[in-house]
Amino acid sequence: MVGVDKEDGSGYVQFDKHLYIDGQGEYWAKLNTWETPVIQAEIAKDEVVGWLRNYDRKQWALSMPYELGGSVKPMYPDFWLYEKMGMVTW
């Protein structure tokens with residue numbers, strides 16, 4: 001992971017519960033204007049135990065296959081959220 005200068009005004013923010021953390025147990029990212037409030041709201045939920053900022057086409061990126069015109073292609077969601085396993089009630 002690349003080190004982030006937290007004092008440089010670059011817009012990087014520390015987020016909790018990310019799957020990839022640095023040596024200090026932190027994850028710093030620069031998310032866009034809609035991503036930041038969405039992730040902050042999701043990780044505030046007790047049932048969310050972790051998340052991943054999924055950078056498409058990286059060697060470690062997770063994809064979901066979909067079919068279009070008879071051809072299977074990968075789709076790379078921006079985020080993956082992981083929740084506690086348990087009974088779901090409606």
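Residues: numbered from 1 along the sequence shown.
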- Message: For the CE atom on M64, are there more than 12 heavy atoms of other groups (residues, nucleotides or ligands in this structure) within a distance under 6.0 Å?
- Response: no
- Message: Donor-acceptor pair, distance only, cut-off 3.5 Å: does the side chain of N54 make one with the backbone of P77?
- Response: yes
- Message: Applying a strict under-4.5 Å side-chain criterion to I, L, V, M, F, W and Y, I'd like to know whether I43 and W34 cluster together.
- Response: yes
- side chain to side chain contact (heavy atoms under 4.5 Å, CB included) evaluation trace for K45 with V48: CA-CA 6 Å; K45 297 176 181 176; V48 173; 4.1 Å; yes
- V13 and L19: same hydrophobic cluster, using ILVMFWY side-chain contacts below 4.5 Å? yes
- Polar side-chain atom of W80 near backbone of G50 as donor-acceptor pair, under 3.5 Å: no
- Message: Between F79 and E42, is there a side-chain heavy-atom distance shorter than 4.5 Å?
- Response: no
- Query: When rounded to the nearest 0.5 angstrom, what distance separates CG in L52 from NZ in K17?
  - Reply: 15.0 Å
- Task: In sequence, state the C-alpha distance, the side-chain angles, and the governing distance for D22 and W28, and then conclude on side chain to side chain contact (heavy atoms under 4.5 Å, CB included).
- Result: CA-CA 9 Å; D22 64 15; W28 289 82; 4.1 Å; yes
- Task: Can you measure from CG (D16) to CD (E26) and round to the nearest 0.5 angstrom?
- Result: 9.0 Å
- Residues pairing under ring pair (Phe, Tyr, Trp, His ring centres under 6.0 Å) where one sits in residues 54-75, two or more places apart or in two chains, turn out to be Y20-W60
- Any donor-acceptor N/O pair, H18 side chain to R53 backbone, under 3.5 Å: yes
- Message: Membership question, hydrophobic clusters at under 4.5 Å side-chain separation (ILVMFWY): are Y76 and V72 in the same one?
- Response: no
- Considering non-hydrogen atoms only, spot the tightest contact between Q40 and F15 and give its length. CG-CE2, 4.1 Å
- Message: Going by salt bridge (Lys or Arg N to Asp or Glu O under 4.0 Å), name the pairs with one or both residues in residues 63-81, residues two or more places apart or in two chains.
- Response: none
- Item | Inter-residue atom distance E47.CD - M85.CE, 0.5 Å rounding | 14.0 Å
